[in-house]
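Below: one structure in structure tokens.
Chain A is the first sequence line, chain B the second, and so forth, proteins listed ahead of strands; every chain is numbered from 1. In what follows, every heavy atom counts, from backbone to side chain, and hydrogens, waters and symmetry copies are set aside.
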There are 2 protein chains.
Amino acid sequence: MTLPSTYADRNCSLARALEVVGERWTLLIVRDAFFGVRRFGDFATQLKIPRAVLADRLKLLVREGVLSREEGPAVEYRLTPKGVELWPVVRAMMTWGDAFYSPGGAPRSIRHDHDGGLLDPGGRCERCGEPVPVAETRVEPGPGFDAADEGHDPVSDAINTPRRLLDPIG
Amino acid sequence: MTLPSTYADRNCSLARALEVVGERWTLLIVRDAFFGVRRFGDFATQLKIPRAVLADRLKLLVREGVLSREEGPAVEYRLTPKGVELWPVVRAMMTWGDAFYSPGGAPRSIRHDHDGGLLDPGGRCERCGEPVPVAETRVEPGPGFDAADEGHDPVSDAINTPRRLLDPIG
DNA sequence: CGTGCTGGTTCGGTGACTGAACCACAACGT
DNA sequence: ACGTTGTGGTTCAGTCACCGAACCAGCACG
């Protein structure tokens, strides 16, 4: 954490992880990165996060090696291998949110791109039974998707079309 | 979240989950509950969290049905079935912390109580290959455990002895 | 040589977190 | 009857982080 006093419990990996991805907004930024968002402005409009906070979080994530900052014709933030390893965390939390806060079903379905099978709680494809690596994972609007969210901005619309994880939007 | 402005992204289960368990300290409280902590004072001393914040978080978690507040001879906070479903989230984050912030190995090992097999990233027992339910999960100090943490307080010591999840301390 | 786009920074106001002190109640001892 | 201890909190002043809006610098394009 950026906070002067960090979590005291030095013997728990959870506390150490939370110091990196435990602050408000951080995990949502990582999630958007999985969904193909790479640009500062796109994170800002999609998450409606104050730009100062976004700048802080991106700096922290780059410093911690979760994202890399690529200066091309435009600046791009991409998940590093260390960042990609956060997928089980993001997926576990989405699964829990689906189970208890989405009475109409998951707003987003996560599937094995090769055979279209849904992922089970353990992260395996229910069709072929294999663990599904991030690069073979597809996300698409699920049964609980609220169509009222469409058309507000191009970034959200891009995210809401079926796509493989990490594929850039646009 | 308690914050007046919640996360805007209504179509993501991650955002909804973070409004419940995304605040500072909340997930550490849940972790301690898995490790058998049940009393207000024990949470406070183990986590060194300000008591006002602890009271707030416990209220929120009870209101959201993650913990139940049992008034016996002493007040006890216990994980509900909904709270127990957070185990994959806690485990995923501990796994990530282990991988990138514990050069000496995991400070805590998570095993299948029946056969002593370690858990793989997907939550299955590496020995018998089966998914390990929470009640059959044992936690014990791992290769990266820092013994300097011992003897500070009885609650930490209780947590650091091998034990099954959810078994009360003391 | 203006105009817009992008990737930020600055700044005042608000609200959350911190740490320490305080409080109410119950059990226990003497 | 009365103090003591333990437990589960609440109160409070100070600090720090977050919020939203405005501003700014560099660059590309016409």
Quickly work out the B:R51 CZ to D:dG6 C1' distance and round it to whole Å.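 Between C1' of D:dG6 and CZ of B:R51: 11 Å.
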Selection from D:dG20, C:dT9, C:dG8 that lies nearest to any side-chain heavy atom of A:K59: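 When the side chain of A:K59 is considered, C:dT9 is the closest of D:dG20, C:dT9, C:dG8.
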Do B:F35 and B:R108 have side chains that get closer than 4.5 Å, going by heavy atoms?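 The answer is yes, as the side chains (C-beta and beyond) meet within the 4.5 Å cut-off.
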Please enumerate all protein N or O atoms sitting under 3.5 Å from an N or O of nucleotides 26-30 of chain D, with distances to 0.1 Å.
none

I'd like to check A:C125 versus A:P131 (side-chain heavy atoms, cut-off strictly below 4.5 Å). Are they in contact?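 They are not in contact (no side-chain heavy atoms under 4.5 Å apart), so the answer is no.
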If you take any heavy atom closer than 4.0 Å to DNA chain C, which residues from residues 26-47 of chain B end up in contact?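 Output list: empty, so none.
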Atom pair distance, as rounded to whole Å: CZ in A:R69 and C1' in C:dG7: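 The distance from CZ of A:R69 to C1' of C:dG7 comes to 8 Å, rounded to the nearest Å.
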Distance check needed: C:dC11 C1' versus A:D56 CG, whole Å only.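 To the nearest whole Å, that distance equals 14 Å.
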Please tell me which of the listed nucleotides, D:dC19, C:dT18, C:dG7, lies nearest to the side chain of A:V75?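 For the A:V75 side chain, the nearest candidate turns out to be C:dG7.
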Considering every strand and a 4.0 Å limit on heavy-atom distances, what is the contact class for A:K48: base, sugar-phosphate, or nothing?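 Nothing: the residue A:K48, judged by heavy atoms under 4.0 Å, touches no strand.
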Please state how far atom CD in A:E23 lies from atom P in D:dA17, giving the value in whole angstrom units.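 Roughly 9 Å, once rounded to whole Å.
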Has A:D167 got a side-chain atom pairing as donor or acceptor with A:R163's backbone, closer than 3.5 angstrom?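 No.
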A:I49 has an atom CD1; how far is it from atom C1' of C:dT9, in whole Å?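 Going from A:I49 (CD1) to C:dT9 (C1'), I get 15 Å.
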